[in-house]
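In what follows, chains carry the letters A, B, and so on, assigned in the order in which the sequence lines appear, proteins first and then strands, with residues in each chain numbered from 1.
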Number of protein chains: 2
Amino acid sequence: MLIDLKQAAEFIAQSDDILILSHANPDGDTLGSAYGLCGILQKMGKRARTLCADEIIPRMEYLRNTVATQEFEPKTVISVDVADRTLLGSYDEVYGDRIDLAIDHHESGQPFAKRTVIDPAAAATCEMIFELAELMNAPMDGQIASCLYTGIATDTGCFRYSNTLSKTHYITAKLMENDFDAARINYLLFDVKTKGRVELEHALIKDMEFYCDDRIAVIWVTSDIISRFEGRVDAEDFNGLASLPKRIEGVQLGATVKQKGPTTFKVSIRTAEPINAGEICALFGGGGHARAAGCTIEGSLEFVKAKLMSALKKAVASE
Amino acid sequence: MLIDLKQAAEFIAQSDDILILSHANPDGDTLGSAYGLCGILQKMGKRARTLCADEIIPRMEYLRNTVATQEFEPKTVISVDVADRTLLGSYDEVYGDRIDLAIDHHESGQPFAKRTVIDPAAAATCEMIFELAELMNAPMDGQIASCLYTGIATDTGCFRYSNTLSKTHYITAKLMENDFDAARINYLLFDVKTKGRVELEHALIKDMEFYCDDRIAVIWVTSDIISRFEGRVDAEDFNGLASLPKRIEGVQLGATVKQKGPTTFKVSIRTAEPINAGEICALFGGGGHARAAGCTIEGSLEFVKAKLMSALKKAVASE
């Protein structure tokens, strides 16, 4: 059943012993939503705890301080920022068919919960949690605000991306009326890199390939490179590489190809208008949006390279 | 005479034929303030034009679209984001002693204008221009909003730095109620880099020096490196390198040293709490803030390196 935020607020207000589920391989929005909502519920006098199939990202450890540890048998299960029940990871089996309320900002495929509230215009699920708190007249404090800020900052690239609306800034302004160190959070989320990550980026950019008068740039994260950096970088350091090629001035199509197995290559494409990344990836059975999309291509490195480069050159040449 | 924003608004409202001066070596805040204010004044039916001793930054060319070209003999001269009259560059001689109103957010030394309005709590002078426009009930549109947004985004590192307050987000929310492409501006300001700049950054990072268990990181931009990249990078590409070393995880003191002449080295220092960058730079006759400061050291590369490293190691060891 699709419900609106007001109905969701009413449902939460009358619930107790609440378990809040984040998606596996968690990001700042699913964690910020879970810890923020949990803190709000505990402050309202309810029992609540969070659960995630994977470990919290080390640099987001501070989110934990928002909540007290509470043990109880859950009567209500809420998922936050989970677009599909399979994204619950190992907890899908336990909780996937007993979610009472799903709160999400992704334009989802199949709703999986008894009640679902979705706002695709929200830049982050944390925006929706903030609005829920207002609807419930729930108390706010610096810790809770820091959680909700984390999700908004994560999903907007610190207010850089086009999903950042006037409303995003209004909500952030209200969050920042509470006492927390937003600059410190931004430093942890956006500025700081491990030494290994910097070296990895350097190695990848050094070997970046340019085509079509530098309008195409491609990075190859091959098994060779991955094993060369094993032990020197965290697993997390191999994420977020997709945006690198497109950052070069003049590049209209940036591709990052990551080897997943001997003959499996995951392709991430970022484009400038009017090149459609989703259309390119659809040629290989993938998909996504006009500016960002992905697909997987099977075959030898040489085969994949020939296939992919032919498609990329064609896409750029036709503009 | 120090005046408040309301008095400044009254002064502007009764003025006409207004020349707006930016500081030399202009950034997004001085340019956004100038073009934004100029657009506001023209929309109010006044004659106004902007003037800057140096060229507009190419990626900020879009600011120009905000204003119509108007020729007139100025009756009123306003400076924006100019902390000291010498920062007017070549226009100091012509206009330095006839500024009717200085609008600025820097805690200035010697006020130089007939009227000065300063708000050190404003993250950007563009915040003050927005408030002036509200006080004057001046019309706003997407073009003007894009100028004021540019200044705020520039001076806050896209809402990352600690000068970003709740009010900063409120003003940005109001600006974004107008129609302009903030994501495109952020891309131009923060994401896109020239190929040369990327290569320069990676050459510098590759040779970055680490000391004291990686708590100190130092980048040397020597004449050798500068001449190696000459022609491959824009002059602008040598700016904004000071933040690089401090971005490495665990680095508490980052220094970037730029060779200005055979025996002249400009040092920029960024620190984490509690290391005081200003105190370190004061040892060499420089100054600045606790987290960011600068100084110039004269001598051979070897001499400067020995002097500087001794001071840096001492500062880190004493914490």
* Near A:Arg232 CZ, under 6.0 Å, is it more than 12 heavy atoms from other residues, nucleotides or ligands? -> yes
* Contact leader toward chain A among B:Lys167, B:Glu177, B:Met208, B:Glu199, where contacts are heavy-atom pairs under 4.5 Å -> B:Glu177
* Decide if atom CD of A:Glu273 counts as having more than 12 heavy atoms of other residues, nucleotides or ligands within a radius under 6.0 Å. => no
* To do: Indicate the ring-plane relationship of A:His169 and B:Tyr149, choosing parallel, tilted or perpendicular according to the 30° and 60° boundaries.
  => perpendicular
* Does any heavy atom of chain B fall under 4.5 Å from the side chain of A:Lys206, the backbone, both, or neither of them? -> neither
* **Shortest non-hydrogen separation from B:Tyr161 to A:Ala183 and the atoms involved** => C-CB, 3.9 Å
* Structure fact -> So, the part of A:Tyr170 with a heavy atom under 4.5 Å from chain B: the answer is both
* To do: Sort B:Ile185 into side chain, backbone, both or neither according to what part of it lies under 4.5 angstrom from a heavy atom of chain A.
  => neither
* **Proximal component of B:Ile205, with respect to chain A [non-hydrogen, under 4.5 Å]** => side chain
* Check each atom of A:Leu165 against the heavy atoms of chain B and say whether the ones under 4.5 Å are side chain, backbone, both or neither. => backbone
* Asked: Around atom CD of B:Glu55, are there more than 12 heavy atoms of other residues, nucleotides or ligands at under 6.0 Å?
  -> no
* To do: Assess whether atom CZ of A:Arg59 is packed by more than 12 heavy atoms of other residues, nucleotides or ligands within 6.0 Å.
  => yes
* Below 4.5 Å from any heavy atom of chain B, which atoms of A:Asn163 appear? Answer side chain, backbone, both or neither. => neither
* To do: Tell me, for A:Lys246 versus chain B, whether the close heavy atoms (under 4.5 Å) come from the side chain, the backbone, both or neither.
  => both
* With chain A, which of B:Val251, B:Thr164, B:Thr168, B:Asp214 has the greatest number of heavy-atom pairs at distances under 4.5 Å? -> B:Asp214
